[in-house]
Amino acid sequence: MQTSTKRRITTNSEPEIKLPLAAAIEESVLGRLFLSAKDDAIGRAIELGLKPDHFFVPSNKTIYGAMLDVHLNGVEVDPVIIIDKLRVHHKLEQVGGQAYIAQLIDAGAPSLTMLGSVIDQLKVVAFKRQTLKTASRLTSMAGNGASLSDLQEVIDSFESANVTPSAYAMTPTGLIHRKPGRGFGFDPERLTNFNAKIVAEQIEDDGSLEEQRIFEIEAELDGRKQSIRVPASKFGAMAWPTAMIGARAIVYPSQADKARAAIQSLSTNVRQMTVFTHTGWRQIDDVWSYLHSGGAITPTGNRTDISVRLSESLRFFHLPDVAEDQRGVALNAALSLMNAFPRTVTVPMIGAALASILGGIDYSAYVTGQSGTRKSELTALIQSFFGCGFSRLALPASYNDSALAILLKAFRTKDAVCVVDDFAPNGQKHHDDKLHTTAETIFRAAGNAAGRSTAKVDHSERGAKPPRGMLISSGEDVPRGLSLQNRLLIVPLKVGDLPDEPLTEMQAMARAGKFAESMPVFIQHVATYKKTISRIFQSDCIRYRLLIATTNKQHSRQPTTIAHLCASWRAWLRCGVVVGAFTRADARLLWKKIWAALNASLNEQKEQHTTVHPADYFLELLRSALLSGRCHLAALDGSRPENSSMLGWRHDLAMGDTAGWIDGELVYLEPSTAYKAANSQGASVGEALSVGPISLWKRMDEKNMILKKEDGRGQRCRLPGTGVPVVLIGKSAIFG
């Protein structure tokens, strides 16, 4: 059977081309299928992947389509039935009438064993026609000035084919394996009752060293097509068809490996693309780009050709395009918020949002105040700088999430604000302990820029994913722990700080996207001058830290935190001058107000710290333990001392364990018992000591509370007359 070229196809948009056809092969195949009643040749053809599009002659395509309909409806393919079907649909005369049907039956038909080889010839000819049509279309498009993207789309849509038949095939009834049969041809082996092919391979990049691959699969079952996404790690097990296609999707017994191989083998022209799953800065094509759900902000504007897919809770991280002549107006929206409420509140909070863009963050912001001060409304306004969809009821994270889930969100919100709402202890010990543990986990991870590493199944290390932006939270209470609180920029909020009228106005601006328009102006400025801004920013951080540290003797982290905010605001002011939002003189006046507000915030930090030094807290708990009768102090000879009612005695009866001995103004503490009594007292009120015994004595020594030490005994000396090791302190340290 020879392939011939007999027809010319001409359209208005394409040049005249000659398409190959194989009319004799088409007729012989159809003639053989009319004999299906003997050996189910039509079923064999379907399993071999024969489709109506493989026929070129319109009448042959129509007849084969009628055969498929009849067979898939469970009716035997018979010439009389096919003639009736064509007549009912008014197509019998179009295909050449009963005479043409008879001609097909009388044509020389191949044997069943040869049918596979003949169908392969037909498919090869069909592929050649497809190739010529695509080439003709590309020629016409190129000649008419089509864009490169349009040409590439046509090329990508072209399905390549192997001249040598694949070992696998798609059929109307699912995937098959074409096993070599006796003689010529193949014996089809059913693998699935659905068809599937991979159309795209997405590399999900979250900024860590671990990239996740996702296959986008086009599946078809019972004529219904659907697109599904399957992680590459779960693809090979072939458990996903039932979960994602439905209960009717079947992978036949012991065929999972072949089904997987079939899908991969039949997937041609698989598009490969990188999808970023985080916000923030990345160097893409050697250009600094800031990722958000709408693309990437670069020095020349927003690139929408960069794909970013964020999780459901982060979907509102979307920054709009801002016209060049509107950049100054957009940037000034931040000043509207700054002046709407007390600047001791707004300056640190807006500064935290700006600082998230510039990086180098080792602290978190925390808004505290009694119920009704509208803490969540304030944090939502700051979050709206990164997307107008955020509101009090739609924030990225909450304490209802697990600590691990919050850390993952904080990792993905790189170089951005991530609000965690709302820290609310309720007095129940189990609930409150869990809440404080979650807070300590996330804020300590942010302060140390350290995540939690885990091991994979193969015992290799799974990389840690620490917070990479600015965490902001709020609550009536402040998370426990002096070290933890020094990792927080605590912003107190009082009743009346956020009045109704200006709050309503600011919320309307947030919903209208005014704050979200302000941030991309600053981001584009940073992207344009990234190297210079980073250098000046680091220099400002050092300069203001030294300036603040010389006048404020607080925890070493607090001057560093305020200096970081100072440098962030100064970078923003320079941006405002460059884009024409205000003049240099205006910038100097604004800086005076900002500097005053940040200094006031620094002075408030110590007042807001609810956790005292471990040494002071120990003495406070020991005093409570003595007064409550949990332990007692005895005279050196073990008898009842003077003023015994304050020292754990009830009349002549000593209460609890002996925590030490008292001799005038000197108190000799038994280290283990005194620590145990104080720690138990703290645990009973929900806050035990944060340090162990050895560290506690060292902290007390650092504060010059220990009156006597002996060589080789650390912070201890010997009790007079006994040699028992004790810690010697003054009575005034406990009772003032």
Side-chain angles (χ1 to χ4, degrees), residues 311-314 363-380 383 391-411 413 417-448 450-452 454 465-467 471-495 608-612 614 617-618 620-621 624-625 628 630 676-692:
S311 61
E312 179 69 14
S313 60
L314 308 180
Y363 59 95
S364 302
Y366 190 90
V367 181
T368 184
Q370 70 181 63
S371 179
T373 52
R374 297 170 170 173
K375 302 179 291 295
S376 294
E377 281 80 356
L378 175 62
T379 56
Q383 188 68 72
S391 68
R392 178 179 65 85
L393 300 177
L395 292 169
S398 78
Y399 285 95
N400 290 327
D401 302 329
S402 68
L404 187 60
I406 296 173
L407 287 175
L408 185 58
K409 292 177 183 181
F411 176 77
T413 51
V417 162
C418 179
V419 170
V420 186
D421 188 62
D422 163 41
F423 187 79
N426 61 10
Q428 298 179 9
K429 188 176 186 306
H430 177 73
H431 172 271
D432 292 357
D433 286 348
K434 182 179 179 182
L435 203 61
H436 280 282
T437 299
T438 298
E440 177 165 2
T441 299
I442 63 174
F443 291 132
R444 196 170 292 280
N448 297 336
R452 179 170 173 262
T454 57
K465 296 187 176 182
L471 282 177
I472 294 180
S473 187
S474 63
E476 294 182 41
D477 194 7
V478 178
R480 294 190 294 248
L482 181 63
S483 176
L484 179 64
Q485 290 177 3
N486 277 307
R487 287 170 166 81
L488 299 178
L489 170 70
I490 302 176
V491 179
L493 198 61
K494 299 184 292 294
V495 175
Q608 297 303 321
H609 288 172
T610 61
T611 303
V612 296
Y617 188 48
F618 165 75
E620 178 184 327
L621 291 175
S624 296
S628 65
R630 187 181 292 272
K676 177 183 176 182
N679 195 46
S680 298
Q681 186 71 20
S684 68
V685 295
E687 188 169 357
L689 289 168
S690 60
V691 296

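All values below come from the heavy atoms of this structure, side chains included, with hydrogens, waters and symmetry mates left out. Since the structure is predicted, the reported quantities are computational estimates derived from the model, not experimental observations.
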Looking at side-chain heavy atoms only, is the closest gap between [X] and [Y] below 4.5 Å?
X	Y	result
Phe423	Pro479	yes
Lys465	Leu408	yes
Tyr366	Val491	no
Phe411	Pro466	yes
Val495	Gln370	yes
Leu493	Thr368	no
Phe618	Leu689	yes
Leu407	Ile442	yes

Would you compute the distance between atom [atom1] of [X] and atom [atom2] of [Y] and round it to the nearest 0.5 angstrom?
X	Y	atom1	atom2	answer
Leu488	Ile472	CG	CD1	11.5 Å
Arg374	Ser474	CZ	OG	14.5 Å
Cys418	Leu314	SG	CG	6.5 Å
Glu440	Gln485	CD	CD	11.0 Å
Leu484	Ser364	CG	OG	8.5 Å
Arg392	Gln383	CZ	CD	15.0 Å

Between Thr437 and Thr441, does a side chain to side chain contact (heavy atoms under 4.5 Å, CB included) hold up when you go through it step by step? CA-CA 6 Å; Thr437 299; Thr441 299; 4.3 Å; yes
Nearest non-hydrogen partners of [X] and [Y], listed with the distance:
X	Y	result
Ser391	Ala380	C-CB, 3.6 Å
Asp422	Gly475	OD1-CA, 3.7 Å
Arg630	Ser680	NH1-CB, 3.7 Å
Leu621	Gln681	O-CG, 3.7 Å
Pro425	Asp432	CA-OD1, 3.3 Å
Pro396	Ser313	O-CB, 3.6 Å

Have Ser473 and Tyr399 got a donor and an acceptor in their side chains that come within less than 3.5 Å?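 Distance-only check passes for Ser473 and Tyr399.
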Hey, are Asp421 and Ser376 close enough side-chain-wise for a donor-acceptor pair under 3.5 Å?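 Yes, a side-chain donor-acceptor pair sits under 3.5 Å.
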Working note: Ile406 + Thr438, criterion side chain to side chain contact (heavy atoms under 4.5 Å, CB included); need CA distance, chi angles, decisive distance, verdict. CA-CA 9 Å; Ile406 296 173; Thr438 298; 4.0 Å; yes
I'd like to know whether Asp401 forms a salt bridge (Lys or Arg N to Asp or Glu O under 4.0 Å) with Lys409, so could you lay out the CA-CA distance, the side-chain angles of the two residues, the decisive distance to 0.1 Å, and finally the verdict. CA-CA 10 Å; Asp401 302 329; Lys409 292 177 183 181; 3.0 Å; yes
Checking the side chain of [X] only, and the main-chain atoms of [Y] only, is there a donor and an acceptor separated by less than 3.5 Å?
X	Y	answer
Asp477	Ala424	no
Asn679	Ala688	no
Lys375	Gly369	yes

